[in-house]
Amino acid sequence: MRERWSSKTIFIFAAIGSAVGLGNIWRFPYMTYKYGGGAFIIPFLIAMVLLGIPLLILEFAIGQKFQKGPVGAFKKIDSRLRGIGAGAVISGFIICVYYAVVMAWTLIYFVKSFSLKLPWAANAENYFFSNVLNLSDSISSIGGINWVVLISLLGIWIAIYFCVRNGVQSIGKALKLFIPLPLILLVVLFFRGITLPGALTGIFYYIKPDFTVLFSSELWIAAASQVFFTLSLGFGVMTAYASYNDPKQDITKSSIITGIADGAISLFAGFVVFSIIGYMAQATSSTVAEVATSGPGLAFVVFPQALSLMPFAAVFSVLFFLTLFSLGIDSAFSLVEAVVTVIEDKTKKIKKETIALVVCAVMFCLGTIFATDAGLYFLDIFDHFITNFGLILVGIFECIAVGWIYGAENIRSFVNSVSDWKIGKWWNVSINYLIPIILGTLLIVQFVNELSGNYGGYPSWSIYLGWTVVLVPFVTGLVMVFNNKN
Ligand code: PFF
């Protein structure tokens with residue numbers, strides 16, 4: 001008998017936990033700001049309804065219907081198609097290796113926040129790049145192992161292992177802490193943020209609509225990729241999670257709740273982030289535009305600096321990094337669980353605990369590369385290639401497999417047979433045409449961008465490494481498709 005979530009609510013918690021992560025607190029606010037403020041929210045919501053939720057329904061439906069993780073589920077459609085699941089899980093595996101490293105930085109900041117004077121108060125940028133990362137001049141000088149990051153990474157992996165070790169049972173317990181905790185913390189930070197001087201200027205920048213950009217294709221593409229990233233689509237996570245559902249469980253409602261919760265938390269996080277950025281701009285006499293950056297710069301430079309300027313700096317710093325940690329950990333362990341599920345589906349005899357231990361240990365060892373002095377550069381390249389190409393490729397293949405080979409209508413009638421809210425024929429159109437066309441366009445645009453020069457000015461060998469990161473899951477999937485041995 002397959003394991004089961006302890007309740008329907010815990011399954012929805014798990015899906016929300018995976019969806020809501022670091023992507024909501026730095027990627028979404030920044031994208032909104034970059035692509036026309038309030039105007040970005042329109043394509044984001046449209047993409048959520050037309051692309052995100054339909055694909056979420058698809059991923060939930062195949063996991064729940066076939067009672068298997070991503071590889072097994074696609075195999076039930078056609079044994080060749082298991083290659084799609086494999087490609088998804090390998091991509092997720094790679095993401096998880098570096099996502100845990102970002103979590104490790106969070107842990108370092110969290111620990112260092114327990115001090116009367118925050119150690120980065122004098123120069124947050126220098127602190128992050130020199131003290132925490134000991135960053136080398138270029139990706140070609142790898143330097144040595146950064147032991148503090150490595151030990152912190154070990155701590156993260158131990159935490160992840162304890163969350164996933166007994167499968168959905170231990171995950172369920174962890175979620176009872178890691179769902180409410182970051183939400184409460186976000187609310188606390190929200191009230192702190194909006195009561196700071198300059199907060200309104202920041203918020204104004206965040207939501208001020210610039211409707212002229214609505215006609216740019218770049219905006220729509222950015223909104224579509226944000227929806228895919230934030231809903232954890234394309235890595236087999238949602239399929240693995242849904243495979244532990246009762247086959248008769250409602251699918252439509254779970255998908256809509258997950259989508260709405262994730263979107264709402266993103267919007268809310270934007271207020272927190274931009275009120276603090278507004279404060280920071282005022283405190284340092286700069287503009288919001290100068291302060292707002294994406295990625296590690298925002299979470300590990302701008303924020304620490306802003307926090308250090310506040311009264312009771314240490315308290316809010318502890319709260320902020322605890323928020324990041326608790327937001328990220330359930331996204332990280334969802335990726336591990338997808339890998340563990342696939343291995344468990346294949347090798348019935350090995351205990352789940354052992355599989356989880358081996359997967360965590362391997363991911364920790366591979367993560368060492370990101371704990372070197374050139375770690376940040378490697379992380380940047382891996383992230384760029386796998387999120388811009390891996391995720392999109394899997395999305396396209398999922399739609400072709402389910403829409404065209406299995407038949408979108410077959411999945412739609414299954415979903416409607418178990419759900420209170422019925423989905424209309426528009427869902428078939430979305431899976432068969434809309435999503436593949438949009439993702440295909442995204443892929444071409446990204447590819448052309450890539451040809452215009454080495455990403456980030458990195459040397460060619462590292463760009464080839466980036467392509468290898470995309471090609472490993474892709475080629476493995478293809479080999480499985482064409483080499484149809486069971
Ligand atoms: N959805 C997560 C976030 O927004 O941070 C990131 C993520 C987690 C993506 C798990 C993909 C995934 F499978």
Side-chain angles (χ1 to χ4, degrees), residues 19 23-56 200-231 233-234 256 259-260 262-271 273-274 277-278 287-295 298 384-385 387-389 391-393 395-396 399 403 424-453 455-456:
N24 298 57
I25 198 145
W26 61 258
R27 201 169 191 273
F28 176 80
Y30 173 74
M31 295 297 258
T32 307
Y33 164 71
K34 182 172 170 197
Y35 291 102
F40 179 79
I41 301 191
I42 299 169
F44 175 75
L45 294 179
I46 293 177
M48 198 68 147
V49 173
L50 292 182
L51 315 175
I53 292 179
L55 205 57
L56 196 56
L200 280 182
T201 331
I203 292 175
F204 181 69
Y205 259 84
Y206 167 52
I207 53 173
K208 182 188 67 165
D210 173 6
F211 291 115
T212 56
V213 291
L214 269 184
F215 298 100
S216 100
S217 56
E218 213 189 318
L219 165 80
W220 289 84
I221 290 174
S225 58
Q226 174 61 20
V227 163
F228 280 89
F229 184 81
T230 194
L231 287 180
L233 296 168
I256 292 176
I260 291 178
D262 184 62
I265 294 171
S266 289
L267 288 170
F268 188 69
F271 283 98
V273 168
F274 273 87
I277 286 181
T287 63
V288 174
E290 280 163 355
V291 175
T293 61
S294 75
L298 180 66
H384 174 78
F385 281 91
T387 50
N388 285 315
F389 294 97
L391 181 151
I392 295 171
L393 281 166
I396 295 174
C399 289
K425 286 232 160 61
W426 62 269
W427 187 81
N428 301 0
V429 177
S430 185
I431 297 297
N432 283 337
Y433 305 103
L434 204 63
I435 302 180
I437 290 173
I438 294 182
L439 292 186
T441 316
L442 209 76
L443 195 67
I444 295 168
V445 172
Q446 284 292 350
F447 191 69
V448 171
N449 279 346
E450 226 54 63
L451 297 182
S452 66
Y455 166 70

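As the structure is a computational prediction, the values presented were derived from the model and not from experiment.
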Non-neighbouring partners of [X] that pass side chain to side chain contact (heavy atoms under 4.5 Å, CB included), sequence neighbours left out:
X	value
L50	I46, L434
I53	I57, S255, I256
I265	V20, N24, L183, L186
A289	Y33, T287

Results of side chain to side chain donor-acceptor pair (under 3.5 Å) for [X] - residues two or more places apart only:
X	value
N432	none
N449	none
E290	none

Discussion item. With rounding to the nearest 0.5 angstrom, report the OG1 to CZ distance, T387 to F228.
Written reply: 13.5 Å
Practice prompt. May I have all residue pairs that pass side-chain hydrogen bond (donor to acceptor under 3.5 Å, both in side chains) and include part of residues 34-47, sequence neighbours excluded?
Written response: Y35-E218
Discussion item. Going by side-chain hydrogen bond (donor to acceptor under 3.5 Å, both in side chains), name the pairs with one or both residues in residues 44-54, residues two or more places apart or in two chains.
Written reply: none
Discussion item. Can you list everything that forms a ring-ring contact (aromatic ring centres under 6.0 Å, His included) with F271? Sequence neighbours excluded, please.
Written reply: Y206
Item to complete: Output all residues satisfying ring-ring contact (aromatic ring centres under 6.0 Å, His included) with F28, sequence neighbours left out; order by chain, then residue number.
Response: F44
Item to complete: Indicate the atoms forming the closest heavy-atom contact of L231 with A19, along with that distance.
Response: CA-CB, 4.2 Å
Practice prompt. Write out all pairs satisfying ring-ring contact (aromatic ring centres under 6.0 Å, His included) with one or both partners inside residues 425-450, taking only residues at least two apart or from two chains.
Written response: W404-Y433, F447-W467
